[in-house]
Amino acid sequence: MLLEAISRQIIDDHARRPRHVGELPGIVGVSRDNPGCGDQLTVWADVQEGRIARLTFQGRGCAISQSAASLMTVTLAGKTLAEAQQVAAVYRSMVMGEAEPGASLGDLQALAGVSKLHARRKCALLAWDALAEALDSASAQAGAGSPS
């Protein structure tokens with residue numbers, strides 16, 4: 001588990017200088033918003049041969065939502081769909097307070113404290129909810145394009 005001061009630094013860094021920001025041309029984005037906090041974002045996932053080739057987001061909102069989205073893009077780019085779904089499940093369990101943060105989450109552990117702030121859980125999961133739909137859509141498109 002990361003020290004609180006390090007967690008704050010990671011969250012602040014990703015909120016102020018988010019990674020992998022911007023639309024992916026030719027990819028359909030999935031948008032989500034959190035009216036309670038004012039967070040809004042869109043996630044684009046370019047899936048090729050069962051792997052996340054590129055993953056970006058664009059949005060505005062609190063430091064938690066923006067850093068969670070940025071950390072998500074850094075962590076999952078290059079992973080297979082199965083790997084991404086596994087990371088997402090572990091991350092969701094951590095945010096919901098159902099599991100302790102583990103080293104397998106890397107810098108995503110910085111958001112472990114959100115589990116104690118029930119109202120902020122939605123902020124930390126917003127990008128991940130959009131990603132789940134984006135990956136479902138990409139999987140469906142890949143399945144529709146494969147020969148029977």
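- A continuous path of ILVMFWY side-chain contacts below 4.5 Å connects Val21 to Leu76, so both sit in one hydrophobic cluster.
- The shortest distance between side-chain heavy atoms of Cys123 and Val114 does not fall below 4.5 Å.
- Arg120 and Asp39 are not joined by a salt bridge, as no carboxylate oxygen comes within less than 4.0 angstrom of a charged side-chain nitrogen.
- Put simply, Leu131 and Val90 are part of the same group of oily side chains (I, L, V, M, F, W, Y) that touch within less than 4.5 Å, one to the next.
- Looking at Gln109, its side chain does come within 3.5 Å of a backbone N or O of Gly106 through a donor-acceptor pair.
- For the salt bridge (charged side-chain N to carboxylate O under 4.0 Å, His left out) with Asp129, the lone residue among Arg121, Lys122, Arg92, Arg32 that qualifies is Arg92.
- At distances below 3.5 Å, at least one donor-acceptor pair connects side-chain atoms of Thr56 with backbone N or O atoms of Gly22.
- In this structure, the side chains of Leu125 and Met96 come closer than 4.5 Å at one or more pairs of heavy atoms.
- Within a 6.0 Å radius of CD in Glu49, no more than 12 heavy atoms belonging to other residues, nucleotides or ligands are found.
- Side-chain contact check for Ile64 versus Leu117: every heavy-atom pair is 4.5 Å or farther apart.
- Taken together through direct or relayed side-chain contacts under 4.5 Å among Ile, Leu, Val, Met, Phe, Trp and Tyr, Leu81 and Val43 form part of one hydrophobic cluster.
- Residues passing the salt bridge (charged side-chain N to carboxylate O under 4.0 Å, His left out) test with Asp46, sequence neighbours excluded: Arg54.
- By the 6.0 Å contact criterion, CD on Glu83 is enclosed, its count of non-hydrogen atoms from other residues, nucleotides or ligands being greater than 12.
- Each of Thr73, Leu135, Thr80 was compared with Ile52 under the side chain to side chain contact (heavy atoms under 4.5 Å, CB included) criterion, and only Leu135 meets it.
- Connection of Leu55 to Leu24 is not established within any shared hydrophobic cluster, with ILVMFWY side chains joined at heavy-atom distances below 4.5 Å, either directly or through further cluster members.
- Clustering ILVMFWY residues whenever any of their side-chain heavy atoms sit less than 4.5 angstrom apart, transitively, puts Ile27 in a cluster other than the one holding Val47.
- Going from atom OG of Ser65 over to atom CZ of Arg60 covers 10.0 Å, rounded to the nearest 0.5 Å.
- In this structure, the side chain of Thr75 does not engage the main chain of Met72 through any donor-acceptor pair within 3.5 Å.
- Residues forming a side-chain contact (heavy atoms from CB on, under 4.5 Å) with Ala134 (at least two apart in sequence, or on another chain): Val30, Ala45.
- A donor-acceptor contact shorter than 3.5 Å is absent between the side chain of Arg19 and the backbone of Ser70.
- The backbone N or O of Ala89 sits less than 3.5 Å from a side-chain atom of Ser93, completing a donor-acceptor pair.
- The side-chain heavy atoms of Leu108 and Val87, taken from C-beta on, include a pair separated by under 4.5 Å.
- Every side-chain hydrogen bond (donor to acceptor under 3.5 Å, both in side chains) that Thr42 has, sequence neighbours left out, goes to Ser31.
- Counting heavy atoms from C-beta on, the side chains of Leu126 and Phe57 never come closer than 4.5 Å.
- Rounding to the nearest 0.5 angstrom, the gap separating the CD atom in Gln9 from the CG atom in Asp107 is 11.0 Å.
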